[in-house]
Amino acid sequence: MRLRIRHDIVARYDEPVILASRSLHLCPRTFDGQYVRAWHLDITGDCRQARSSDAFGNIVYDCAVEGPLDEIAIAAEGEVEVDDTTGVLQGAPLDRIPPAVFLRETRVTMRTPVVLSFADKAKGLSDGTPLDLCHKLMHLIHEEVEALAADPSELCGVREVSAEDVLAEARGTPADLAHLFIATARGLSLPARFVSGYRWQEEETATGALAAWAEALIPGLGWVGFDAGNDTCPTDAYVRVASALDQSGAAWIRAADRGGVPAVVMVTAAADRLG
């Protein structure tokens with residue numbers, strides 16, 4: 001499937017800021033099954049940009065815009081062609097991290113007794129093989145945790161809701177559900193990580209094309225994606241952008257401003273099917 005993506009982030013200030021700094025994960029990579037045909041990142045003003053690749057293989061843009069500024073606007077746009085690999089990540093982009101690292105706990109993916117009990121429940125439903133175990137875990141999360149629309153905190157920053165709290169509330173945003181899957185998979189000794197990206201849908205939603213899901217390392221297959229909110233493995237409707245231990249390492253945007261606080265932050269993202 002060939003997709004055109006447009007992602008806009010605009011911050012407006014009540015009082016001008018002296019300096020606006022941004023760290024951005026807004027650029028997908030080309031790898032087997034995903035081909036970036038064109039991509040452009042535009043940032044308002046006289047902006048210093050530095051492109052790099054982090055330890056997880058993500059493209060990162062760090063930039064700083066000097067003020068005084070009443071507004072800062074960021075736009076990412078391009079075309080990506082994606083093959084349907086039934087969720088299997090073929091030729092992982094610059095994967096330099098040892099798999100054991102993805103068994104580590106983070107603040108939002110703690111393996112508490114409640115999380116481990118949920119893992120045991122998924123294990124009891126499976127045939128014991130890692131792939132079936134992850135499918136059963138995805139189905140179980142989808143059945144028992146209500147999928148909510150993305151919260152502004154995950155569109156413009158990082159969610160701080162733990163996997164145990166997601167279970168307690170029995171509902172969560174896409175990032176929350178991904179963190180729950182990751183914590184549970186790690187509790188079953190399966191390396192797992194967070195993924196941010198885009199998803200084409202026939203019907204528009206409140207958060208547009210923005211998406212988040214998890215990947216687990218399956219022996220014999222490699223990394224495989226699992227989207228618990230939609231109860232599916234990623235298809236050719238998904239564009240993978242960044243991955244990390246949790247959302248904090250793959251957030252769309254991390255911001256630091258000097259001299260003011262954003263009064264309004266607007267985020268829109270759209271994916272159009274070209275063929």
In the single-linkage hydrophobic clustering (I, L, V, M, F, W, Y; side-chain heavy atoms under 4.5 Å), do F181 and V224 co-cluster? yes
Cluster check W223, V195: I/L/V/M/F/W/Y, side chain < 4.5 angstrom: no
I9 versus M266: any side-chain heavy-atom pair under 4.5 Å? no
Full working for side chain to side chain contact (heavy atoms under 4.5 Å, CB included) between F194 and H179: CA-CA 7 Å; F194 182 96; H179 287 149; 3.7 Å; yes
Taking all atoms of both residues into account, what is the closest heavy-atom pair of M1 and L3, and its distance? SD-CD2, 3.5 Å
If you apply the rule salt bridge (charged side-chain N to carboxylate O under 4.0 Å, His left out), what do you find for R240 with E215, and how did you get there? CA-CA 11 Å; R240 187 183 189 279; E215 288 176 346; 2.9 Å; yes
Counting only N and O atoms by type, is there a donor-acceptor contact under 3.5 Å from the side chain of D176 to the main-chain atoms of T173? yes
Would V265 and Y13 show up in the same hydrophobic cluster when neighbours are defined by side-chain heavy atoms closer than 4.5 Å? yes
Between OG1 on residue T106 and CZ on residue R193, distance to nearest 0.5 Å: 15.0 Å
If you apply the rule side chain to side chain contact (heavy atoms under 4.5 Å, CB included), what do you find for L217 with F102, and how did you get there? CA-CA 9 Å; L217 188 59; F102 295 99; over 6 Å; no
Decide yes or no on side chain to side chain contact (heavy atoms under 4.5 Å, CB included) for I253 and R22, but give the supporting numbers first. CA-CA 7 Å; I253 180 170; R22 299 290 186 269; 3.5 Å; yes
Strictly distance-based, threshold 3.5 Å: is any side-chain N or O of D132 a donor or acceptor partner for the main-chain N or O of D127? yes
Joint cluster assignment, L210 & I59, ILVMFWY side-chain distance < 4.5 Å: yes
Considering all heavy atoms of both residues, which atom of V241 and which atom of G197 are nearest to each other, and what is their separation? CG2-CA, 3.8 Å
H135 ring center near F226 ring center (under 6.0 Å): yes
Side chain to side chain contact (heavy atoms under 4.5 Å, CB included) between V161 and V166, worked out: CA-CA 7 Å; V161 180; V166 175; 3.8 Å; yes
What heavy-atom pair brings D84 and D236 nearest, and what distance separates the two atoms? N-CB, 3.6 Å
Got T268 and H7 here, is their nearest side-chain heavy-atom distance under 4.5 Å? no
Honestly curious: do V115 and L245 fall in one hydrophobic cluster under the side-chain, below-4.5 Å linking rule? no
Check whether any side-chain N or O of W39 sits under 3.5 Å from a backbone N or O of L26 as a donor-acceptor pair, and report yes or no. yes
Quick check: does any side chain N or O of Q247 sit under 3.5 Å from a backbone N or O of E154, one acting as donor and the other as acceptor? yes
Separation between CD of E15 and CG of L69, rounded to the nearest 0.5 Å: 14.0 Å
Would you say R2 has more than 12 foreign heavy atoms packed within less than 6.0 Å of its CZ? yes
Rounded to the nearest 0.5 Å, what separation is found between the CZ atom of R111 and the CG atom of L103? 6.5 Å
At what distance, to the nearest 0.5 angstrom, does CG of L188 lie from CG of L116? 8.0 Å
Test item: R186 and E105 side chains (from C-beta on) under 4.5 Å apart, heavy atoms: no
Between G87 and C233 the two heavy atoms that sit nearest each other are CA-CB, 4.0 Å
Any idea which heavy atoms bring L177 and G229 closest together, and the distance? CD2-CA, 3.5 Å
How many angstroms lie between CD in E79 and CZ in R6, if you round to the nearest 0.5 Å? 13.0 Å
For a 4.5 angstrom cut-off between non-hydrogen side-chain atoms, does S23 reach V60? yes
Taking C-beta and beyond as the side chain, do N230 and R199 meet within less than 4.5 Å on heavy atoms? yes
Intermediate values then yes/no, side-chain hydrogen bond (donor to acceptor under 3.5 Å, both in side chains), D165 and S162: CA-CA 5 Å; D165 288 342; S162 70; 3.2 Å; yes
Is the shortest heavy-atom distance from the side chain of V80 to the side chain of Y35 under 4.5 Å? no
Inter-residue atom distance I182.CD1 - R104.CZ, 0.5 Å rounding: 15.0 Å
Under 3.5 Å, is there a donor-acceptor pair between the T109 and D246 side chains? no
Counting only heavy atoms from other residues, nucleotides and ligands, does the tally under 6.0 Å from NZ of K136 exceed 12? yes
Are there more than 12 heavy atoms of other residues, nucleotides or ligands under 6.0 Å from atom CZ of R37? yes
May I ask you to check whether over 12 heavy atoms, not counting those of E144, lie within 6.0 Å of atom CD? yes
So do the side chains of E164 and M110 get within less than 4.5 Å of each other, counting heavy atoms only? no
Main-chain N/O of E77 paired to R4 side chain as donor or acceptor, under 3.5 Å: no
Do H25 side-chain atoms and A251 backbone N/O form a donor-acceptor pair below 3.5 Å? yes
Is there a side-chain contact between L140 and L125, using heavy atoms and a 4.5 Å cut-off? yes
Would the W213 and Y238 ring centres measure less than 6.0 Å apart? yes
For D83 and T85, indicate whether the former's side chain and the latter's backbone hold a donor-acceptor pair under 3.5 Å. no
Could you walk me through whether R29 and S53 pass the side-chain hydrogen bond (donor to acceptor under 3.5 Å, both in side chains) test, one step at a time? CA-CA 11 Å; R29 280 193 180 277; S53 178; 3.0 Å; yes
Heavy-atom pair with the smallest gap, counting every atom of L190 and C134: CD1-SG, 3.7 Å
Mind running salt bridge (charged side-chain N to carboxylate O under 4.0 Å, His left out) on R12 and D70 for me, showing each step along the way? CA-CA 6 Å; R12 297 195 175 103; D70 295 316; over 6 Å; no
Hey, does the side chain of N58 reach the backbone of S243 with a donor-acceptor pair shorter than 3.5 angstrom? yes
